[in-house]
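Keep in mind that this is a model prediction, so the values were computed, not measured.
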Amino acid sequence: GFGLRNVTHKDKALAEMHRVLKPGGKAIILEFSKPTIEPVNKIYDFYSFKILPKIGKLVAKDEASYQYLSESIRMHPDQVTLQSMMEKVGFEDVAYHNLSAGIVAVHIGHKY
């Protein structure tokens, strides 16, 4: 979980997941995503960019890593885009389930 957003070539990583998956298997990807409720999105952005890095600085003495975390989450494809990327490399019956108003999503793709 929460690793795909750190991969530079997500399309290649998804294709490799599909290649190594046995027929009848499924890939399950847990990743940060885009909040689906606008007020939640605004609060989450404020928290991610203004508060989280300061907590990282205070607790872990590492503000930069927490700033990167927020930026990497924003650069990661949203739910519909990731679903499309999975379908493009061959996954079938791809679906996603939003958790915490879309802050996190679980994507599931099958290989038949």
Side-chain angles (χ1 to χ4, degrees):
F2 304 108
L4 185 62
R5 78 173 186 289
N6 295 309
V7 174
T8 302
H9 301 285
K10 291 171 183 49
D11 54 339
K12 291 180 182 178
L14 291 168
E16 185 65 5
M17 287 179 202
H18 186 267
R19 185 188 72 78
V20 300
L21 195 61
K22 292 180 181 179
K26 61 183 169 181
I28 303 173
I29 299 170
L30 173 68
E31 190 54 84
F32 289 104
S33 205
K34 179 153 178 52
T36 56
I37 301 169
E38 193 52 40
V40 171
N41 195 28
K42 289 181 180 181
I43 293 167
Y44 185 59
D45 270 349
F46 178 79
Y47 170 79
S48 296
F49 287 100
K50 302 295 184 189
I51 297 174
L52 186 60
K54 301 301 180 206
I55 293 172
K57 181 178 180 179
L58 181 68
V59 174
K61 311 281 190 267
D62 188 3
E63 184 174 5
S65 291
Y66 288 84
Q67 184 69 35
Y68 165 78
L69 173 62
S70 299
E71 292 168 1
S72 71
I73 291 169
R74 291 306 171 273
M75 298 289 290
H76 187 69
D78 65 22
Q79 294 90 317
V80 173
T81 303
L82 184 55
Q83 179 180 14
S84 176
M85 291 170 71
M86 292 177 72
E87 291 168 344
K88 187 175 180 180
V89 300
F91 285 104
E92 299 178 60
D93 297 327
V94 179
Y96 63 86
H97 307 281
N98 288 318
L99 305 172
S100 301
I103 291 172
V104 173
V106 177
H107 283 76
I108 301 171
H110 301 263
K111 179 176 180 178
Y112 297 117

### Query
Is it true that Met85 and Leu30 fall in one hydrophobic cluster, defined by side-chain heavy atoms closer than 4.5 Å?
no
### Query
Does Asn6 have any side chain to side chain donor-acceptor pair (under 3.5 Å) partners at least two apart in sequence or in another chain, and if so, which?
Tyr68
### Task
With the side chain counted from C-beta on, respond yes when Asp62 and Lys57 share a heavy-atom pair under 4.5 Å apart, and no when they do not.
no
Exercise answer: donor-acceptor pairs, residues 89-109 side-chain atoms, under 3.5 Å, sequence neighbours excluded:
unit_1: Asp93; atom_1: OD2; unit_2: Tyr112; atom_2: OH; d: 2.6
unit_1: Asn98; atom_1: OD1; unit_2: Gln79; atom_2: NE2; d: 2.8
unit_1: His107; atom_1: NE2; unit_2: Gln79; atom_2: O; d: 3.1

### Query
Is it the case that one hydrophobic cluster holds both Ile29 and Val7, taking links as side-chain heavy atoms less than 4.5 Å apart, direct or via other members?
yes
Do any side-chain atoms of residues 39-46 form donor-acceptor pairs under 3.5 angstrom with protein atoms, and if so which ones, sequence neighbours left out?
unit_1: Asp45; atom_1: OD1; unit_2: Arg74; atom_2: NE; d: 2.5
unit_1: Asp45; atom_1: OD1; unit_2: Arg74; atom_2: NH2; d: 2.6

### Summary
Residue pairs passing the salt bridge (Lys or Arg N to Asp or Glu O under 4.0 Å) test with at least one member in residues 23-41, sequence neighbours excluded, are Arg5-Glu31
### Task
Work out which heavy atom in Lys111 is nearest to a heavy atom in Leu21; give both atom names and the distance.
NZ-O, 2.9 Å
#### Entry: Closest non-hydrogen atom pair between Pro53 and Glu63, with its separation
O-CG, 3.4 Å
### Query
Do the side chains of Lys10 and Pro77 get nearer than 4.5 Å, heavy atoms only?
yes
### Student check: side-chain heavy atoms of Leu52 and Lys54 closer than 4.5 Å
no
### Task
Could you grab the distance from atom CG of Leu69 to atom OG of Ser48, nearest 0.5 Å is fine?
7.5 Å
### Message
Pair Asp11, Leu14 - check side chain to side chain contact (heavy atoms under 4.5 Å, CB included), show working.
### Response
CA-CA 5 Å; Asp11 54 339; Leu14 291 168; 5.7 Å; no
### Task
State yes or no: do Tyr66 and Val59 share one hydrophobic cluster built from I, L, V, M, F, W and Y residues joined by side-chain heavy-atom distances below 4.5 Å, directly or via other members?
yes
### Other ILVMFWY residues reachable from Met75 by side-chain steps of under 4.5 Å
none
### Query
Taking only residues two or more places apart in sequence or in another chain, which ones pass ring pair (Phe, Tyr, Trp, His ring centres under 6.0 Å) with Phe2?
Phe32
### Query
Given the rule in the side chain to side chain contact (heavy atoms under 4.5 Å, CB included) test, do Met86 and Met17 qualify, once you have shown the distances and angles that lead to the verdict?
CA-CA 10 Å; Met86 292 177 72; Met17 287 179 202; over 6 Å; no
